[in-house]
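Structure first, then comments.
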2 protein chains.
Amino acid sequence: MDIGARLKMVREAQGISQRELAKRAGVTNASISLIEQNRVSPSVSSLKKVLDGLPMSMADFFTFELEQQPPRQVFAAAEQPDLGGNGVAMWLVGAGVENRQIGLLREVYAPGADTGTEMLKHEGQECGVVTQGCIELTIDTQVHILHPGDGYYFSSNQPHRFRNIGETEAILISANNPPTL
Amino acid sequence: MDIGARLKMVREAQGISQRELAKRAGVTNASISLIEQNRVSPSVSSLKKVLDGLPMSMADFFTFELEQQPPRQVFAAAEQPDLGGNGVAMWLVGAGVENRQIGLLREVYAPGADTGTEMLKHEGQECGVVTQGCIELTIDTQVHILHPGDGYYFSSNQPHRFRNIGETEAILISANNPPTL
DNA sequence: GTCAAACGTTTATTATATTGAACAAATTGA
DNA sequence: TCAATTTGTTCAATATAATAAACGTTTGAC
């Protein structure tokens, strides 16, 4: 969606006029008009002033989407594709959902299964809960042992590794944002 | 953080020069230099061109934060605060983590527990997996029955309701973004 | 009806961003 | 060591955005 339409939508959602917004933002009403018509591409600084008048952050402004109904909403265990390997079976909840903001995975670790000595490292944040069995989680140089109900939350750019150190299957529900799968 | 620093950080993270980025983006290296020094406030259109060269979306650009080490990274089941009520016990994974992008909850429903006939409705997206017991999930007018391993994903602005319709405790791991708790 | 106020739009002027070319400093290879 | 690149920066010229003021239309009051 273009900037003009976005701005117009937000402004009208608040029920204020171009002039009123212009006054709050400290710009002229003409600017608002031209921006909403996409006749100009505002500078970041002036767009920021305008958004301050709403008020709304840049991040929110560029992030928000017209909420559309996802076609599918529930996903049976059986029908979800297995994305794993190396003794780790992984199911992505809501695979194929449009504009997905969350990557939620159900991961089943066979006894001894391991994400590998080559530590994982990527952008974003991730968190999870162990629901069954026993998982060893290494974050950077720190080693943690997680039992059912125990959780974690860390920045994914820290080297990390998961390993089932129990003698039974371990299940981990993990979430990441932005979604990596 | 200012635009210049953000851009510089992203560019350097990719290990490319101002000129290289300029070439990819279809702008001059002078522009990149001036932007990174905050000597100019780029127009949205030119910033977009620059980000296309990285590539990175506006939303990501304004959303990302200097990743800082969260002080805590693992959270034992026992020590997490219970945020629930009405027969539903809820633990937030990573409560207190700064700049948290994901709300991950471990929810335990007593037999018959119910989020209520007054349907829930809020912004964002949510998804989850049932790990134990049997949960009835109503989304708008649709009623679904979820067993262990079954998941869901929907837009939280749709009216919804969770209910344990089994005779045993049910456990649900849910994630939402942006975090509501 | 008529006036006054508020609305979004348009225009000429001013302020600012972007370009193209040149600069000095740092790095690379012979 | 020296020349050739490559780096980020700067400057005058140009293109574009922002302003201030005016325009025509719509709305509500009297």
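A quick note: this is a predicted structure, and the numbers were derived from the prediction, not measured. Numbered from 1 within each chain, the chains take letters A, B, ... in sequence-line order. We use all heavy atoms of the structure for the numbers below, so side chains are in, but hydrogens, waters and symmetry mates are not.
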By nearest-heavy-atom nucleotide on DNA chain C, the more 5' of Ile35(B) and Arg11(A) is Arg11(A)
Base, sugar-phosphate, or nothing: which does Ser31(B) touch, judged by heavy atoms less than 4.0 Å apart? base
Tell me: CZ of Arg19(B) to P of dT10(D), nearest whole Å? 14 Å
With a 4.0 Å cut-off on heavy atoms, is Gln37(B) in touch with a base, just the backbone sugar-phosphate, or nothing at all? sugar-phosphate
Leu34(A) CG to dA18(D) P, in whole Å, measures 9 Å
Whole angstrom is fine here: how far is it from CG in Leu47(B) over to C1' in dA17(D)? 15 Å
For dT7(D) and Gln18(B) - does any side-chain N or O of the residue sit under 4.0 Å from the phosphate oxygens OP1/OP2? no
How is Ser33(A) classified with respect to the nucleic acid when contacts are heavy atoms under 4.0 Å: base, sugar-phosphate, or nothing? base
Please test Val130(A) against Tyr109(A) for side chain to side chain contact (heavy atoms under 4.5 Å, CB included), starting from the C-alpha separation and ending with a verdict. CA-CA 11 Å; Val130(A) 172; Tyr109(A) 288 71; over 6 Å; no
Among dT7(D), dT9(C), dA18(D), the one nearest Ser46(A) by side-chain distance: dA18(D)
What is the distance from atom CD of Glu107(B) to atom CD1 of Ile135(B), rounded to the nearest 0.5 Å? 8.0 Å
Between the base of dT9(D) and the side chain of Asn29(B), is there any donor-acceptor pair under 3.5 Å? yes
Could you work out which one of dA18(D), dT10(C), dT10(D) sits closest to the side chain of Ala30(B)? dT10(D)
Arg39(B) has an atom CZ; how far is it from atom P of dG8(D), in whole Å? 15 Å
Side chains of Thr131(A) and Thr131(B): donor-acceptor distance under 3.5 Å anywhere? no
Are Arg6(A) and Phe61(A) in a cation-pi setup, meaning NZ or CZ lies under 6.0 angstrom from the ring centre and within 45 degrees of the ring axis? yes
May I have the distance from Leu21(A) (atom CG) to dG8(C) (atom P), rounded to whole angstrom? 10 Å
